Amino acid sequence: VTANGQVGGSSSGSGSGGSVYVFSQVFDGTNLVSATGGYANGSSAGGGGGGRIAIHYDPAAEAAAGLKPTPILRVGSRHFGQSPYPDATSTYWMNFNVESCRAEAGTIWLADASFVDKAFLLSLSGVLSAPGLPDAYHFDELTLPDETKANTAKDGNEILFYDKTIEIDGALMLPKYSHVRFSNCTVRVGSVLVNGGYLDVQGNSTLVVTGDLTIASTGVAQFWSGASNETFGVAHCGQFVDVGGDLKLNDTAILYPRCEGTTGAGPVFRAQNLSVASGAKVNGFTRGYHGLTMTTQYVHGYGPGEGYNRGAAHGGMGGGPTQNTATYGDKKNPTLPGSDCGYTWSGYMGGYGGGIFRIEVARNAVVDGAITMNGQNAYGSEGGGGAGGAVNIRCGGKFAGAGTITANGGTGGSNVSYSGNGGGGRIAISCVHTNDWSGTAEAKAGSNTAAYKFAPTDGTVVWKLCKGLMLLVR
């Protein structure tokens, strides 16, 4: 039974999934029930949202008949025609906030949870609800099906857990076209391999990995923090990721650390070793303070250094018709992202602030790829540039590699009376030595050709060489 949305053109949107409503005394079967959205058919296209499936039956009659159906239920967003989050740096993409524009899965409702087991979960795609659904799941391991051969349908698995406790003794494996979301969950797992799939951790979640967390080639992992939660015991921490082994980004892997937009709380990582391979990215571009959309006019942005008709401040001051002197944070231990700018009128919008990548590494950190926490450029001729974000890496061994680390401010609009460039962010790296580091680290202010009355200033880059051993107590 299919009620799928139609696939659009390469530069257009696709249709949403429809509805499947079943009302019967009993329910049985092994085949597909689908109401998926049409997949994004190109880099300038948009996927359709998933639809709804509701299956009503009499649980008592179902049990009396001894039935245990094994249907394949899917209401996914089928966004797999392109990367879940295009790694765009253009003003257009990011002002409209790629995360918010991504299609979402639909809903599945069952009359009870009698046939919800591991095999069923591995076959479905969507947000499941049913009376009696457990608050906790325990798996020996969790390997989503490898659906590479299904790429003509772009219809991989999307398993979404909300407010659950998940125990996985072995590995969590995410192959191509698979997607797992943990939202406000506590997750304990032996190891994680994102091998072309998509790991999505949201809200005040805790992810504890006994072994390695590896994001392999073309794999994507997003850590979208909730508001600051005192239970984590860390300032401005809204999500905690504790890796007992190594945090590894291979080849073209992407890790997105994203802050809660109005409070600035972000994810905090811990690991034994950190490696960011050449071609891999830790991308916090525009993922700091944010939250405004083009629906409210003449409003200020978020963050201690928010800008309105001038650049936002963080480690450096924002520029424009007046100087934004509201710098903030500890240059040796930054814990907040970059501030954003407000919205003026008629589609003119200031830039979002850069995010924060904050990690404690017990041994060594090797960065051959890119760590980018830049603020966003203004959209239109008016509005200020977002402030640069922050990078805070503390390691008990060496810091090495030939990569790039940036926390630069965004640029303002061309109207010098209502615009300004954003100030630079903050970078702080503590380690035993940097003998094997040949890369670059910068937290520069935004720069363009507009003749603003006040220029922005650069942020801070601090290298702290420590003697001794860092101990991480878990």
Side-chain angles (χ1 to χ4, degrees), residues 91-100 225 227-228 236 238 258-266 284-329 334-356 373-390 407-413 415-426 443 445-446 448 450 452 454 456-457 459:
T91 298
Y92 175 82
W93 268 111
M94 298 316 298
N95 262 293
F96 288 96
N97 198 341
V98 171
E99 285 86 348
S100 297
S225 175
S228 183
H236 307 125
R258 182 182 173 95
C259 297
E260 197 282 324
T262 61
T263 65
F285 172 63
T286 79
R287 292 171 172 86
Y289 279 103
H290 67 279
L292 298 176
T293 62
M294 294 184 180
T295 57
T296 305
Q297 299 188 29
Y298 305 109
V299 291
H300 288 244
Y302 290 98
E306 58 87 13
Y308 179 73
N309 292 337
R310 61 180 182 176
H314 182 194
M317 295 185 291
T322 60
Q323 191 87 65
N324 186 347
T325 61
T327 58
Y328 59 93
T335 60
L336 286 171
S339 294
D340 81 319
C341 292
Y343 173 57
T344 55
W345 65 286
S346 188
Y348 299 135
M349 185 173 174
Y352 292 170
I356 181 170
M373 300 292 135
N374 297 341
Q376 182 187 24
N377 298 342
Y379 181 75
S381 62
E382 298 181 9
N408 298 331
T411 60
N415 188 331
V416 298
S417 299
Y418 300 98
S419 306
N421 291 328
R426 295 193 186 278
N448 59 13
Y452 303 120
F454 292 93
T457 59

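Model, not experiment: these values are computed from the prediction.
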How close do [X] and [Y] get, heavy atom to heavy atom, and via which atoms?
X	Y	value
G425	A443	O-CB, 3.6 Å
A390	A407	N-CB, 4.4 Å
A378	G413	CB-N, 3.8 Å
S339	P304	OG-N, 3.5 Å
T286	Y352	O-CB, 3.6 Å
G386	C341	N-SG, 4.4 Å

Taking the side chain from [X] and the backbone from [Y], do they hold a donor-acceptor pair closer than 3.5 Å?
X	Y	value
R426	Y328	yes
N408	N374	no
S419	S381	yes
Q376	G351	no
N421	G412	yes

**Prompt:** How many angstroms lie between OH in Y289 and CD in E260, if you round to the nearest 0.5 Å?
**Reply:**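 Between atom OH of Y289 and atom CD of E260 there are 9.0 Å.
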**Asked** How long is the span from the OH atom in Y452 to the OG1 atom in T411, to the nearest 0.5 Å?
**Response**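 Going from OH on Y452 over to OG1 on T411, the span is 6.5 Å.
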**Item:** For A326, side chain to side chain contact (heavy atoms under 4.5 Å, CB included) partners two or more places apart
**Value:**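 Once residues adjacent in sequence are excluded, the partners of A326 under the side chain to side chain contact (heavy atoms under 4.5 Å, CB included) criterion are N324.
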Which donor-acceptor pairs under 3.5 Å do the side chains of residues 310-318 make with protein atoms, sequence neighbours left out?
residue : atom : partner : partner atom : Å
R310    : NH1  : T322    : OG1          : 3.3
R310    : NH1  : Q323    : O            : 2.9
H314    : ND1  : G388    : O            : 2.8
H314    : ND1  : G389    : O            : 3.4

**Item:** Among T263, I356, L336, side chain to side chain contact (heavy atoms under 4.5 Å, CB included) partner for H236
**Value:**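 With H236 as partner, T263, I356, L336 yield a single side chain to side chain contact (heavy atoms under 4.5 Å, CB included), made by L336.
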